[in-house]
Amino acid sequence: MEKDEDKQEPIKELKLYKIASELLQTERAYVTRLHLLDQVFCAKLTEEAGKGTFPVEVVKGIFSNVGSIYAFHSQFLLPDLETRMSQWDSTPRIGDILAQLAPFLRMYAEYVKNFDSAMDLLKQWMERSAQLNAIIQDIQSQEVCGNLTLQHHMLEPVQRVPRYEMLLKDYLKKLPEDDPDRSQAEKSLNIISMAATHSNTAIRKMENLKKLMEIYEMLGGEEDIVNPSNELIKEGQILKLAARNTSSMERYLFLFNNMLLYCVPKFSLVGQRFTVRTRVGVEGMKVLETSNDDYPHTFQVSGKERTLELQASSEQDKEDWIKVSTTVVGVNLHLRHFPYLCSCVFQKEELGKRAPRWIRDNEVTMCMKCKEPFNPLTRRRHHCRACGYVVCYKCSDYKASLRYDGNKLNKVCKDCYFILTGRVDAEEPVSGKKRGILEIEAAQVSGNSFLCGFLQYSTDRTKPCQRVWCVIPQHDALVLYLYGAPQDVKAQCTIPLLGYQVEDVQRSVDHPPTSFRLRQSKSVHYFTADTEEVKLRWLRVICKAVIGEMPECQTPDVDDLANASL
């Protein structure tokens with residue numbers, strides 16, 4: 001055992017020597033950087049400021065107390081370390097030197113505290129003063145700068161204190177418990193650790209500022225990007241689903257603590273470049289999880305400026321975007337949202353102030369205002385820019401200024417026009433007029449239903465089936481509503497289920513095993529589900545309703561809801 005301990009001693013001493021040598025070597029390099037900051041950058045700028053080209057206070061504000069830091073390291077710490085290393089054989093320790101000089105590291109508090117404002121001041125005056133900018137660019141082009149900017153060199157003092165902390169911790173790990181230098185090394189570590197905490201905060205801010213500079217260049221000089229108050233939270237490629245038909249387009253997002261930049265990639269030979277298409281302010285922004293069978297991993301971002309439906313590269317990527325977005329907005333839980341179960345009715349006070357989600361063309365078969373069916377020739381689809389409804393040309397022949405679009409005139413539907421302008425509709429129907437039994441919006445009843453989803457429907461086995469959106473609402477549990485599409489504002493027909501017989505249809509070429517029918521006297525309705533599971537879910541509800549019992553709510557499968565886009 002004694003022999004093993006004897007072997008370990010020289011190894012430990014060698015490791016301690018290597019740590020001390022690294023401290024000395026990095027200190028020499030650091031003093032060289034401080035000399036560049038104080039004796040080159042600061043000195044030349046101060047000399048030029050003396051000519052009245054720009055205020056001397058600007059130079060002082062940029063470099064703070066770097067002169068005092070340079071003097072301390074070049075005249076005290078570095079010489080003491082060099083002397084100690086030359087006498088290492090007789091005095092193998094550094095804890096005593098650091099314990100004696102560590103209190104002077106408190107001068108870094110002033111430099112670190114001033115660091116953010118120094119960066120702002122430097123950026124401001126490099127843009128304002130051509131002469132100041134020219135001097136800095138000239139020095140940066142010299143070999144002594146190592147192709148690094150002044151901002152990078154100014155970060156050196158901020159990074160140096162954490163470096164001392166790391167080396168000293170390593171030194172203490174290798175130092176024997178009974179070594180006489182331990183108490184001094186521990187004392188100096190306590191002092192240095194306090195100073196390092198402030199430096200680490202400044203380092204993070206500088207790294208963020210560096211990233212903002214990169215984004216600024218990628219966006220072609222977009223305003224207000226390089227600002228210490230901006231913090232990049234997440235960035236990445238994304239697909240944007242078209243508002244009308246769900247075709248996808250490649251886009252790129254930058255999420256900051258105060259805004260979301262929705263960008264379009266553009267061709268470039270020098271790295272990634274983007275054009276900002278839309279800025280969405282975080283204030284009032286909502287993030288919703290959506291479902292779309294053709295495009296999985298989708299979510300929706302709704303802001304005052306615009307509403308975007310986006311597709312992530314994976315389920316995990318989608319969850320990450322939702323998590324960070326809701327955190328930024330200040331919401332701890334995001335909403336799970338099925339677009340086909342959502343009525344996009346705006347509150348009157350929000351109308352025109354927030355960009356709506358457009359109802360897609362294939363989600364409706366009729367005008368959402370006058371309820372007349374669409375056709376490709378005489379009644380085509382148009383979108384109201386205020387509420388997002390799909391309406392016909394007669395119901396969209398109005399224009400109103402929308403606040404979210406800079407108060408520009410936009411095409412809006414008749415109802416939104418009168419709400420936004422405050423005018424009275426002379427053709428408004430008499431209040432209190434009862435709606436017909438079919439005049440219930442599909443989205444309204446789907447959101448509060450025992451079951452809803454697409455089924456193939458026919459009343460004649462010899463004729464082709466029609467794909468319809470079926471709903472058994474909670475307020476009318478014994479009635480099956482059939483709609484042409486999930487956002488139609490009027491049902492095609494209703495089937496009072498009480499008294500009907502539910503039968504399986506024999507398998508045939510025209511009717512697969514997922515088919516069933518409802519029969520009552522001479523009235524027969526044929527239905528076909530997409531899968532056996534969906535069929536069983538419908539049968540569980542309908543079999544209760546036909547005997548007058550209250551059904552149980554059947555949670556729709558995500559895939560069923562997503563099929564609404566087909």
Side-chain angles (χ1 to χ4, degrees), residues 28-76 78 104 106-161 198-199 201-230 270:
R28 285 172 178 161
Y30 178 53
V31 169
T32 300
R33 298 297 186 194
L34 289 176
H35 178 272
L36 179 65
L37 282 173
D38 185 54
Q39 300 298 306
V40 182
F41 277 109
C42 185
K44 289 192 175 182
L45 289 173
T46 302
E47 180 183 351
E48 184 65 29
K51 300 176 184 178
T53 310
F54 44 83
V56 177
E57 289 73 19
V58 171
V59 182
K60 291 180 179 178
I62 292 172
F63 293 96
S64 186
N65 62 334
V66 74
S68 301
I69 294 174
Y70 172 59
F72 164 71
H73 285 271
S74 62
Q75 298 175 26
F76 296 95
L78 179 58
F104 289 96
R106 289 171 180 161
M107 70 174 69
Y108 277 83
E110 180 182 343
Y111 185 89
V112 171
K113 184 179 180 181
N114 184 66
F115 187 74
D116 285 346
S117 58
M119 290 293 103
D120 286 343
L121 197 61
L122 177 60
K123 177 180 179 293
Q124 176 186 344
W125 278 91
M126 283 185 71
E127 295 173 353
R128 182 182 297 184
S129 172
Q131 189 59 29
L132 181 142
N133 185 52
I135 293 172
I136 292 174
Q137 295 294 340
D138 178 60
I139 299 173
Q140 288 179 166
S141 66
Q142 298 174 18
E143 186 177 348
V144 67
C145 265
N147 295 319
L148 296 176
T149 64
L150 172 57
Q151 289 91 332
H152 283 89
H153 290 299
M154 289 179 66
L155 185 59
E156 288 271 354
V158 178
Q159 295 173 323
R160 186 57 184 167
V161 177
H198 299 291
S199 295
T201 302
I203 289 172
R204 286 193 293 271
K205 289 182 178 179
M206 183 56 187
E207 289 174 347
N208 180 62
L209 201 61
K210 179 183 176 183
K211 184 62 181 177
L212 294 179
M213 285 292 295
E214 293 175 359
I215 296 172
Y216 176 80
E217 294 176 0
M218 283 193 285
L219 300 181
E222 183 74 11
E223 295 180 5
D224 304 329
I225 297 297
V226 185
N227 188 320
S229 63
N230 292 342
V270 287

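Remember, predicted model here, so these are calculated numbers, not experimental data.
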Check your understanding: Can you name the nearest heavy-atom pair linking Leu212 to Asn230, along with the distance?
Key -> CD1-O, 3.5 Å
Review point. What pair of heavy atoms forms the shortest contact from Leu150 to Gln140, and how long is it?
Key: N-OE1, 2.7 Å
Point to revise | Parallel, tilted or perpendicular, as decided by the 30° and 60° cut-offs, for the rings of Tyr111 and Phe115 | key: tilted
Point to revise | Heavy-atom closest pair, residues Gly61 and Ala118 | key: O-CB, 3.8 Å
Check your understanding: Which heavy atom of Ile225 sits nearest a heavy atom of Tyr216, and at what distance?
Key -> CG2-N, 4.1 Å
Check your understanding: Can you tell me if Thr149 and His152 form a side-chain donor-acceptor pair at under 3.5 Å?
Key -> yes
Review point. Could you state the interatomic distance from CD (Gln131) to CD1 (Ile136), rounded to the nearest 0.5 Å?
Key: 11.0 Å
Review point. Can you tell me how far CG of Leu36 sits from SG of Cys145, rounded to the nearest 0.5 angstrom?
Key: 4.5 Å
Check your understanding: So, for Tyr108 and His73, which heavy atoms are closest and what is the spacing to 0.1 Å?
Key -> OH-NE2, 2.6 Å
**Study point:** Note, Val112 side chain near Val161 side chain (heavy atom, < 4.5 Å)
**Key:** no
Practice item. Mind running side-chain contact (heavy atoms from CB on, under 4.5 Å) on Val144 and Val40 for me, showing each step along the way? Key: CA-CA 10 Å; Val144 67; Val40 182; 5.8 Å; no
Exercise for review: Examine the side chains of Ser117 and Asp120 and answer whether a donor and an acceptor come within less than 3.5 Å of each other.
Suggested key: no
Exercise for review: Evaluate whether atom CZ of Phe54 has more than 12 neighbouring non-hydrogen atoms of other residues, nucleotides or ligands under 6.0 angstrom away.
Suggested key: yes
Review point. Do the side chains of Phe72 and Leu34 get nearer than 4.5 Å, heavy atoms only?
Key: no
Check your understanding: In terms of side-chain geometry, is the basic nitrogen of Lys60 or Glu57 positioned less than 4.0 Å from the acidic oxygen of its partner?
Key -> no
For residues 41-51, please give each side-chain donor-acceptor pair under 3.5 Å, one per line with the distance, not counting sequence neighbours.
residue: Thr46; atom: OG1; partner: Cys42; partner atom: O; Å: 2.6
residue: Glu48; atom: OE2; partner: Thr53; partner atom: OG1; Å: 2.7

Review point. What distance do Ile62 atom CD1 and Gln151 atom CD have between them, rounded to the nearest 0.5 Å?
Key: 9.5 Å
Review point. Can you tell me how far the CE atom of Met119 sits from the CG atom of Asn114, to the nearest 0.5 Å?
Key: 9.0 Å
Show which side-chain atoms of residues 123-130 pair as donor or acceptor with protein atoms under 3.5 Å away, not counting sequence neighbours.
residue: Lys123; atom: NZ; partner: Glu127; partner atom: OE2; Å: 3.2
residue: Ser129; atom: OG; partner: Leu132; partner atom: N; Å: 3.1

Point to revise | Nearest-0.5 Å distance that lies between atom NE2 in His153 and atom OG1 in Thr32 | key: 11.5 Å
Review point. With a 4.5 Å limit on heavy-atom distance, are the side chains of Phe63 and Leu37 in contact?
Key: yes
Point to revise | Side-chain (Asn65) to main-chain (Glu110) donor-acceptor, under 3.5 angstrom | key: no
Exercise for review: To the nearest 0.5 angstrom, please state how far the CG atom of Asn133 sits from the CG atom of Leu122.
Suggested key: 9.0 Å
Check your understanding: Counting only heavy atoms not in Asp138, do more than 12 fall under 6.0 Å of its CG?
Key -> yes
